[in-house]
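These notes are about the structure you will find just below.
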Amino acid sequence: MSRNTPSTPRTAADLPHLWLPYTQMQTAPFPVEAVSTSGSRITLADGHALVDGVAAWWTACHGYSHPHIHEALLRQAERMPHVMFGGMVHDPAIRLAARLAAMLPGDLDRVFFTDSGSVAMEVAIKMAVQYHINRGTEGRTKILSFRGGYHGDTLGMMAICDPEEGMHSLFAGVLPEQVLADLPVDADSLTRLEALLAERGDSIAAMVTEPLVQGAGGMLFHDPEVLRRLRELCDRHGILLVLDEIFTGFGRTGTMFACEQAGIVPDIVALSKALTGGTMALAATVARRGVFEAFLSDSAGHALMHGPTFMANPLACAVANASLDLFGSEPRLEQVAAISAQLARELEPCRTLPGVRDVRVLGAIGVVELEALDDPDALRRAFVERGVWIRPFRNIVYLTPAFTITPEELAHLTTAIVDVLRERA
């Protein structure tokens, strides 16, 4: 009997050639098909429109199809869609690097472009380890990261993600062993981290964390004071502080960069996602002046030997420049503040529902944490039926909308969450 008879619902495995991310293809429901986007809406092949609650995996901060970004893309496509970045440079990249350096705090002013957040973090770690090698410091080869953290799916990044979160546990025997600790959120965890650094600090090249929000770890929030503690500990032990602002950068937490709320300057920061307003793949690893200067030498061996083929793609740089224009010409941070207030107000009724552990909001991030999430696919289907695109994971239902979403569209999202969770309570 055919697997596509009416009594047998289609699954993702019925797609003839695609292999989807984070998906058990044999059992996952057949995905919805998008055909167009505009603002905060996704139109499906069946004609229905969904209000997008996750902004294309946290990237489409200006909403979809913003005309200023599209115009920049078209102009650049007519002029030069791509050119190698080895031995050549171009104006879109030169302008973008200068603008990022001017926006970031302190002397974060050397920009290395890549094409994904995970690779940007790989480059950050490579920079950190080679920084110590170039300075003649022996033995600093380990990376310290934190439980609840997530930094990407490439091999190097899997090694510094929280192994207990399960997604990469199959590779435990393959990955290099790094150093894992608890974030110093209280006196006890701070004491444990200080003891670990006293014992192993001289073997650690870099300390890596997501500032204010551990995103894929479950939208776990921490206070800016935690970042100040990490900065002080890194300074005390000669360790580079690497911040993964791939999710938090460009206004998501209420300030342009999350580290601003702590008043600190990391040694290296990784950026991606909203960098191009959700239009093109682009990432950047930005280092402080002192880190960059450790690579300057008469010896070719001191150079950073890394160079993705599509590094600093002119199309991506052009749309990133257009995205930065919009942060200057349109009231993005004010919009984030308004979204934050509305999320806090409209998600609060979830707090009294059975099975809800917590409700929390930071900037344009709203989270309903559940005691358990047994069937995320069923929740996703229920949300689609209500005309919204919300993608629960782990034990959370969350919203990270475009900053340009209307109050009515946002209310549609929050109402759907309250109603669906109430029905399933």
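As the structure is a prediction and not an experimental result, all values here were calculated from the model. We use all heavy atoms of the structure for the numbers below, so side chains are in, but hydrogens, waters and symmetry mates are not.
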Partners meeting ring-ring contact (aromatic ring centres under 6.0 Å, His included) with F257 (sequence neighbours left out): F250
Results of side-chain contact (heavy atoms from CB on, under 4.5 Å) for L353 - residues two or more places apart only: C350, V356, L421, R422
Aromatic contact, H82 with F310 (centres under 6.0 Å): yes
Those residues that, when tested against S65, pass side-chain contact (heavy atoms from CB on, under 4.5 Å) (two or more places apart): T37, H70
Set of residues satisfying ring-ring contact (aromatic ring centres under 6.0 Å, His included) with respect to F85, sequence neighbours excluded: H90
4.5 Å side-chain heavy-atom contact, I239 and L197: yes
Residues E245 and T248: side-chain donor-acceptor under 3.5 angstrom: yes
Side chains of L324 and V319 in contact at under 4.5 Å (non-hydrogen atoms): no
Salt bridge flag under 4.0 Å for residues E293 and R289: no
Partners meeting side-chain hydrogen bond (donor to acceptor under 3.5 Å, both in side chains) with S189 (sequence neighbours left out): D186
Student check: side-chain heavy atoms of I396 and V368 closer than 4.5 Å: no
Residues, nucleotides or ligands: over 12 heavy atoms within 6.0 Å of Q24 CD: yes
Minimal non-hydrogen separation, A45 against V35, with atom names: CA-CG1, 3.7 Å
Basic-acidic side-chain contact under 4.0 Å: D162, R147: no
Carboxylate-amine/guanidinium contact R192 D182, below 4.0 Å: yes
Enumerate donor-acceptor pairs with a distance under 3.5 Å from any side-chain N or O in residues 265-283 to protein atoms, sequence neighbours excluded.
from : atom 1 : to   : atom 2 : distance (Å)
D267 : OD2    : R231 : NH1    : 3.3
D267 : OD2    : R231 : NH2    : 2.9
D267 : OD2    : L241 : N      : 2.7
S272 : OG     : L282 : O      : 2.8
K273 : NZ     : W57  : O      : 3.4
T276 : OG1    : T279 : N      : 3.3
T276 : OG1    : M280 : N      : 3.1
T276 : OG1    : M280 : O      : 2.7
T279 : OG1    : T276 : O      : 3.4

CG on D244 to CD1 on I246, rounded to 0.5 Å: 4.0 Å
Give the table of side-chain donor-acceptor pairs shorter than 3.5 Å for residues 383-390, with sequence neighbours excluded, one pair per line with atom names and distance.
from : atom 1 : to   : atom 2 : distance (Å)
R386 : NH1    : A382 : O      : 3.3
R386 : NH2    : E423 : OE1    : 2.6
R386 : NH2    : E423 : OE2    : 2.6

Beyond-backbone contact of S340 with L362, side-chain heavy atoms, under 4.5 angstrom: no
L190 CG to R229 CZ distance, which is reported to the nearest 0.5 Å: 5.5 Å
Shortest non-hydrogen contact between N313 and P81, atoms and distance: ND2-O, 3.0 Å
Spacing of CG belonging to L379 relative to CG belonging to L373, to within rounding of 0.5 Å: 5.5 Å
side-chain contact (heavy atoms from CB on, under 4.5 Å) partners of E71, counting only residues at least two apart: P67, R75
Note, V119 side chain near S116 side chain (heavy atom, < 4.5 Å): yes
Residue pair F112, L304: steps toward the side chain to side chain contact (heavy atoms under 4.5 Å, CB included) verdict: CA-CA 10 Å; F112 190 97; L304 178 63; 3.8 Å; yes
Pairwise distance CG(L50) to CG(L44) - rounded to 0.5 angstrom: 4.0 Å
Residue pairs, two or more places apart or on separate chains, that pass salt bridge (charged side-chain N to carboxylate O under 4.0 Å, His left out) and touch residues 311-329: R99-D325
Validation row, ring centre Y22 to ring centre F393 under 6.0 Å: no
Note, M25 side chain near L20 side chain (heavy atom, < 4.5 Å): yes
Pair E346, T414: side-chain N/O donor-acceptor within cut-off below 3.5 Å: yes
Within-4.5 Å side-chain heavy-atom neighbours: L233 and D235: no
R360 charged N/C atom sitting above F221 aromatic ring, 6.0 Å / 45°: yes
If you look only at distance, which donor and acceptor atoms sit under 3.5 Å apart when one is on a side chain in residues 122-132 and the other is two or more places apart or in another chain?
from : atom 1 : to   : atom 2 : distance (Å)
E122 : OE2    : T154 : OG1    : 2.5
E122 : OE2    : G156 : N      : 3.0
E122 : OE2    : M157 : N      : 3.2
K126 : NZ     : M305 : O      : 2.8
K126 : NZ     : H306 : ND1    : 3.1
Q130 : NE2    : H302 : O      : 3.2
Q130 : NE2    : A303 : O      : 2.9
Y131 : OH     : R135 : NE     : 3.4
Y131 : OH     : R135 : NH1    : 3.4
H132 : NE2    : A205 : O      : 2.9

side-chain contact (heavy atoms from CB on, under 4.5 Å) partners for Q178, two or more places apart: K142, I143, A159, I160, P176
Partner residues of Y64 under the ring-ring contact (aromatic ring centres under 6.0 Å, His included) criterion, sequence neighbours left out: none
Spatial distance of atom CE (M311) from atom OG1 (T114) [nearest 0.5 Å]: 8.0 Å
Rounded distance (nearest 0.5 Å) linking atom SG of C61 with atom CD of Q335: 10.0 Å
Heavy-atom closest pair, residues A378 and R424: O-NH2, 4.0 Å
P314 versus M80, closest heavy-atom pair with distance: CB-O, 3.4 Å
Side-chain ion pair, R41 and E409, N-O less than 4.0 Å: yes
Note, H62 side chain near S323 side chain (heavy atom, < 4.5 Å): yes
